[in-house]
*Asks:* 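Take a look at the following structure, please.
In what follows, residues are counted from 1 in the order of the sequence shown.
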Amino acid sequence: MNRIASVHRKTAETDIRVELNLDGSGRAQLATGIGFFDHMLDQIARHGLVDLTIEAKGDLHIDGHHTVEDVGITLGQAFAQALGDKRGISRYGHAYVPLDEALSRVVLDCSGRPGLHMDVRFTAGSIGQLDTQLVFEFFQGFVNHAGVSLHIDNLKGVNAHHQCETIFKAFARALRMAITMDPRAAGSIPSTKGSL
C-alpha cells in the first residue's frame, strides 16, 4: 500500500504544493519563504519519518499569516489523502519532547473529526520571521483538513525557540505513532463504527 499524496492549492494569496510519503525516511525539501517555519516543518519530516516536499509562494509582503495557515491546510489535505481509509493504523499517538528547559506534550487521534486544543504561552512574539501566533493557525489549518483531534501543551519553557521546537518534534513523534501500521489490526478499521 502506497501512502503518498500530492496536493496543489492555489488562491489569490498563496500558491502551495505539498508532496507527502507517510512511509518515508525523514527527507524534506522545504521552501516557504519563512526560514524558521521551514525549520519546524523539517522537524515533522525528520522525527515523523515522513518524506515531505513543500513549495509555498505567499503574500509575505503583507505578513506570514496566509502562507503559514495555507501550508497547514494543504498539508492536512495531503495527510488525509495519503492516509486513505485508515485501515490498519494505530490511530492514536502521544509524545513528550524536551529541549533544554522546554517540555511539550502532544496527543492526537486520527479520528476523522477535527479539533485543536492548544495551551501554549510563547515567551516571545516572533521567532526569526515567524509570528508565534501563527503556530496555532498552522495546526488549526492542519486539523481541519486532516480530520485529526490534536492536543498540544507546552508544559515548561523560557526560550520561545525551544518551546516551538518541542511542540513540532512532539507533534511529529505522536503522528508517527498514530500512523504506524499495527500488525495485529491488519485490514481493520480502528473504530467500533467501522469507519473513521
*Asks:* Any chance CD of Glu55 has more than 12 other-residue heavy atoms, nucleotides or ligands included, within less than 6.0 Å?
*Replies:*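 Open: at most 12 neighbouring heavy atoms sit under 6.0 Å from CD of Glu55.
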*Asks:* Are Leu196 and Leu175 linked, directly or through other ILVMFWY residues, by side chains that come within less than 4.5 angstrom of each other?
*Replies:*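 In one cluster with Leu196: Leu175, no.
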*Asks:* Which heavy atom of Thr74 sits nearest a heavy atom of Val7, and at what distance?
*Replies:*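 Thr74 and Val7 have their closest heavy atoms at CG2-CG1, 3.7 Å.
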*Asks:* If you measure from the Lys or Arg side-chain nitrogens to the Asp or Glu carboxylate oxygens, is any gap between Asp85 and Arg87 under 4.0 Å?
*Replies:*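 Yes.
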*Asks:* In sequence, state the C-alpha distance, the side-chain angles, and the governing distance for His161 and Phe36, and then conclude on ring pair (Phe, Tyr, Trp, His ring centres under 6.0 Å).
*Replies:* CA-CA 9 Å; His161 184 130; Phe36 186 75; 4.8 Å; yes
*Asks:* Taking only Lys NZ, Arg NE, NH1 and NH2, and the carboxylate oxygens of Asp or Glu, determine whether Asp119 and Arg121 approach each other closer than 4.0 Å.
*Replies:*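 Salt bridge between Asp119 and Arg121, a charged N being under 4.0 Å from a carboxylate O: yes.
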*Asks:* Could you go through the side chain to side chain donor-acceptor pair (under 3.5 Å) check for Asp109 and His151 one step at a time?
*Replies:* CA-CA 9 Å; Asp109 175 9; His151 291 253; over 6 Å; no
*Asks:* Side chains of Asn154 and Ser104: donor-acceptor distance under 3.5 Å anywhere?
*Replies:*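 Note: Asn154 and Ser104 side chains meet the donor-acceptor criterion.
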*Asks:* Does the ring center of His47 lie less than 6.0 Å from the ring center of Phe171?
*Replies:*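 Between His47 and Phe171, the centre distance exceeds or equals 6.0 Å.
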*Asks:* Could you check, using the six-membered ring where one of them is a Trp, whether Phe168 and Phe37 have ring centers closer than 6.0 angstrom?
*Replies:*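 No, the ring centres sit 6.0 Å or more apart.
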*Asks:* Between Arg91 (side chain) and Ile189 (backbone), is there a donor-acceptor pair under 3.5 Å?
*Replies:*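 Flag not set: sc Arg91 to bb Ile189 has no pair under 3.5 Å.
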*Asks:* Is it true that Asp51 and Arg27 have a side-chain N and a carboxylate O under 4.0 angstrom from each other?
*Replies:*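 The answer is yes: the pair qualifies as a salt bridge.
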*Asks:* Identify the heavy atoms of Thr123 and Ala160 that sit nearest to each other, and give their distance.
*Replies:*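 Minimum heavy-atom contact is OG1-N, 3.3 Å.
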*Asks:* Have Thr14 and Asp70 got a donor and an acceptor in their side chains that come within less than 3.5 Å?
*Replies:*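 There is such a pair between these side chains.
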*Asks:* Taking atom types as modelled, is there a side-chain donor on Gln140 or Asn144 under 3.5 Å from an acceptor on the other?
*Replies:*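 Judged by distance alone, the side chains do pair up.
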